[in-house]
Amino acid sequence: MVMAWWFEMTLPRIGLGHLAARGRVERWRSTARRFRTLAVELGGLMIKVGQFLSSRMDVLPPEITRELEGLQDEVAPVPFDQIRDLAEAQLGMALTDAFASFESRPLAAASLGQAHSATLTPEIAAENGFAEVVVKVQRPSIADIVEVDLRALRRIAGWLSRVQFVSRRVDMPALVEEFAHVSLEEIDYLHEAANAEAFAVDAAESARVHAPQIVWEQTTPQVLTLEDVTAIKANDVAALRRAGIDPHEVATTFAHTMFDQLFRTGFFHADPHPGNIFVTPAHPGTASAGAGWHLTFIDFGMMGHVPENLRAGLRELFIAVAMRDSRRLVASVGLIGVLLDGADTEELERSLTGLFARFGGMGFAQLRDVDEKELRAFSTDFESVVRDLPVQLPENLFLIIRSLSMVSGLCSSLNPSFNIWEVVEPYASELIEEEKGGAAGTVAKEAINLVRLTLGLPGRLDGLVQRLENGELSVATPKLDRRVAGLELLARGVISAVLFTGFVIGGAVLLSMTTLGGVLLLIASAPALIHSLVTLLRHRTLSRRHRRR
């Protein structure tokens, strides 16, 4: 905060802005590197903060986000005595009674908790149909640490929100609340267990996607016991090939699986990094035996939802990108809730138009053949546009982008020639088809839009004339009356033309449903057409007279 205040605000005000700009990039990188070291030392939520910010290209420059990308959530494990005490207090019994065996050495240790291998007692194993489990136990007092860290982050956000340089670009309190929401869900293992079961219900329809079962008898808010599904890590190409599994096929299946979650079920895994995805060879007699393998997801602490309003916004965004329509794209990001108050939408439209011009009139299918360097350059330019405007991604959209980034990275590691557009295209087409709603639906929608425009024109014209009469508009011309009269005449002609078009389109639509209604609308269009032609001819005659004068 002190560095930002000194270099970005103080130095430019005293005429030393060039000095601040000279070392800005390296200063950002140095700050990010120091934060990485500090986050590992502090533990608690700080590693999560770094990971959260590493994906926020809408808030931070790429020099910082790239430095934070490598921040791994792996810290020194908690001594087993402390883990045992917490687990026994949560379960209400000794570990020796709760489990047939419990491995003291952790499988993995993260900032919020750690995982241990264990074996269920014979009775519970018989009820669940498996014996080998993984037990996640939270770090002692982590809830108190998270509360303190969040309180500190909220206070810092409050301070920063008073700094105009920051507040006009980022809604810091909202950003912290998004992070707090995700973090508090992650330390509630009952919430994670419920997510795992909901994910398993969705996955049940596919033979290629599995999720571990939850052992509810041994699960509490701070202890989570689930089926041990450890298998081949999704990015272990050598192990996949040894098992006779094609990595390219895994990449394609994984991408389709994630897009199904994002755009069909609307409930998706928001942390699909290689450590959370296993490729499990199928056992004879199972549903996936014919395929030879299936994907197994773990760690459901961070899940995302795609509500209908966001889905509608994404549909608009896909259509705008496909049509290279900058204005529609700006409207779609407004619908999604990306733009903050004060966003210069005209500047955003101009910037997007320039970016789209680079790709001409290409559609989604053609984008598959665009050189990767060109797409990367487009992405860099787009990030620059986003950072220069008061734009901030809402939580759900942020999680979607985060997931897509991980999907692209994992698929590229499995198949260097992987092109994500090959997977995106059918989903984009599906969203666009939903928007069309069939030919009749599209025509009907256009007819409604025309009627709305028609009904709105008289009010707009009357408002314009009223402002002229009240002197609210300054028009430097001695021919004002003649011009206003001509404008009124032209507007009446345009209104009649729009009514004619609306009646014709509506009649054509109704003909397929009810012949009588369609014929009546087509007949009703005739007077509007005649009035439009007569009015426009009168306007043309008046215009010639004005020019002669």
Side-chain angles (χ1 to χ4, degrees), residues 52 55-59 170-171 173-186 188 190-206 209 211 255-272 276 297 299-322 325 328-341 343 345 386 390-408 420 423-424 426-437 441 445:
F52 179 78
S55 302
R56 299 309 300 238
M57 64 92 176
D58 57 326
V59 174
V170 184
D171 185 347
L175 193 69
V176 169
E177 289 310 313
E178 287 178 10
F179 174 72
H181 175 71
V182 173
S183 301
L184 292 173
E185 285 189 344
E186 280 202 74
D188 181 0
L190 291 179
H191 179 79
E192 180 176 345
N195 282 341
E197 286 210 334
F199 184 90
V201 170
D202 289 341
E205 300 179 4
S206 172
V209 183
H256 278 292
T257 296
M258 288 303 302
F259 276 93
D260 280 343
Q261 295 175 29
L262 286 166
F263 298 117
R264 287 179 180 159
T265 66
F267 182 61
F268 63 95
H269 198 297
D271 196 21
N276 286 339
F297 287 72
D299 195 349
F300 301 93
M302 189 184 297
M303 301 293 291
H305 296 266
V306 185
E308 185 52 42
N309 65 320
L310 180 56
R311 183 179 174 84
L314 290 173
R315 179 169 55 241
E316 282 292 307
L317 188 145
F318 269 125
I319 296 170
V321 172
D325 187 336
R328 189 165 185 172
L329 181 56
V330 172
S332 71
V333 297
L335 180 63
I336 292 171
V338 170
L339 297 177
L340 298 181
D341 293 339
T345 56
V386 167
V391 172
Q392 189 163 311
L393 304 180
E395 179 187 346
N396 284 318
L397 184 58
F398 156 68
L399 292 177
I400 289 174
I401 293 174
R402 185 175 190 271
S403 294
L404 290 178
S405 175
M406 291 183 177
V407 169
S408 180
I420 198 168
V423 183
V424 170
Y427 295 93
S429 300
E430 184 177 310
L431 286 174
I432 293 172
E433 284 303 316
E434 288 181 12
E435 168 70 12
K436 290 180 179 177
K445 184 177 290 186

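The distance from the CZ atom of Phe179 to the CG atom of Leu184 is 9.5 Å, given to the nearest 0.5 Å. The line from CD of Gln261 to CE of Met303 is 6.5 Å long, rounded to the nearest 0.5 Å. Expressed to the nearest 0.5 Å, how far CG of Leu262 lies from NE2 of His305 amounts to 12.5 Å. Within the model, atoms NE2 of His269 and CE of Met258 stand 7.5 Å from one another, a figure rounded to the nearest 0.5 Å.
With hydrogens and angles disregarded, no donor-acceptor distance shorter than 3.5 Å links the side chain of Ser403 to the backbone of Pro272. A donor-acceptor contact shorter than 3.5 Å links the side chain of Asn276 to the backbone of Asp271.
Side-chain N/O atoms of His181 and Glu177 include no donor and acceptor closer than 3.5 Å.
The two residues Leu399 and Ala270 have their closest heavy-atom pair at CD2-CB, 4.0 Å.
Residues meeting the ring-ring contact (aromatic ring centres under 6.0 Å, His included) test with Phe199, sequence neighbours left out: Phe297, Phe300. Shown here are the side-chain contact (heavy atoms from CB on, under 4.5 Å) partners of Ala193, two or more places apart in sequence or in another chain: Ile214, Trp216, Thr219, Leu224. Take His256 and apply the ring-ring contact (aromatic ring centres under 6.0 Å, His included) test, not counting sequence neighbours, and it matches no residue. In this structure, Phe268 has no ring-ring contact (aromatic ring centres under 6.0 Å, His included) partners at least two apart in sequence or on a different chain. Remark: Asp202 pairs with no residue by the salt bridge (Lys or Arg N to Asp or Glu O under 4.0 Å) rule, at least two apart or across chains.
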Run the numbers on Asp260 and Val209 for side-chain contact (heavy atoms from CB on, under 4.5 Å), then give the verdict. CA-CA 11 Å; Asp260 280 343; Val209 183; over 6 Å; no

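Within the structure, salt bridge (Lys or Arg N to Asp or Glu O under 4.0 Å) contacts touching residues 191-200 (residues at least two apart or in different chains) are Lys136-Glu192.
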